[in-house]
Amino acid sequence: MELIVAGYVRGKDRRALAELLAHRRKMLGELQAVSGIDPANAIQAVQDELTTSKPAWKS
């Protein structure tokens, strides 16, 4: 994930970065709505990816 974000930042592709972040946020919402299984590990992974990606907006 970090390499993908770094590539978007280097390429100044803010649209792709915005789409990636929107997709991850949507996926996080869907995981949080899941019942019948414990999606805690997947939720934590997506939250970590979002945390990693947010500083890219400052570039």
Side-chain angles (χ1 to χ4, degrees):
M1 180 68 161
E2 290 178 33
L3 293 174
I4 294 169
V5 171
Y8 289 159
V9 170
R10 268 193 308 277
K12 298 183 189 315
D13 194 346
R14 292 184 85 52
R15 182 188 55 79
L17 183 59
E19 289 174 0
L20 177 68
L21 291 173
H23 175 264
R24 291 299 197 233
R25 286 185 184 117
K26 179 182 175 196
M27 188 169 39
L28 181 59
E30 290 172 357
L31 284 168
Q32 289 171 332
V34 169
S35 62
I37 64 167
D38 181 13
N41 290 336
I43 289 171
Q44 186 60 50
V46 173
Q47 288 174 331
D48 291 347
E49 289 176 353
L50 287 170
T51 300
T52 300
S53 303
K54 285 181 184 177
W57 284 103
K58 295 178 180 23
S59 300

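- Rounding to the nearest 0.5 Å places CG of Leu31 at 11.0 Å from CG of Asn41.
- Note that CG of Leu17 and CD1 of Ile4 are 11.0 Å apart. Values are rounded to the nearest 0.5 Å.
- By the side chain to side chain donor-acceptor pair (under 3.5 Å) test, Glu19 pairs with Arg15, sequence neighbours left out.
- Between the NE2 atom in His23 and the CD atom in Glu49 there is a gap of 10.0 Å [rounded to 0.5 Å].
- Evaluated for a side-chain contact (heavy atoms from CB on, under 4.5 Å) with Val46, the options Arg25, Glu30, Met27, Gln32 yield exactly one hit, Met27.
- Expressed to the nearest 0.5 Å, how far CG of Leu21 lies from CZ of Arg14 amounts to 10.0 Å.
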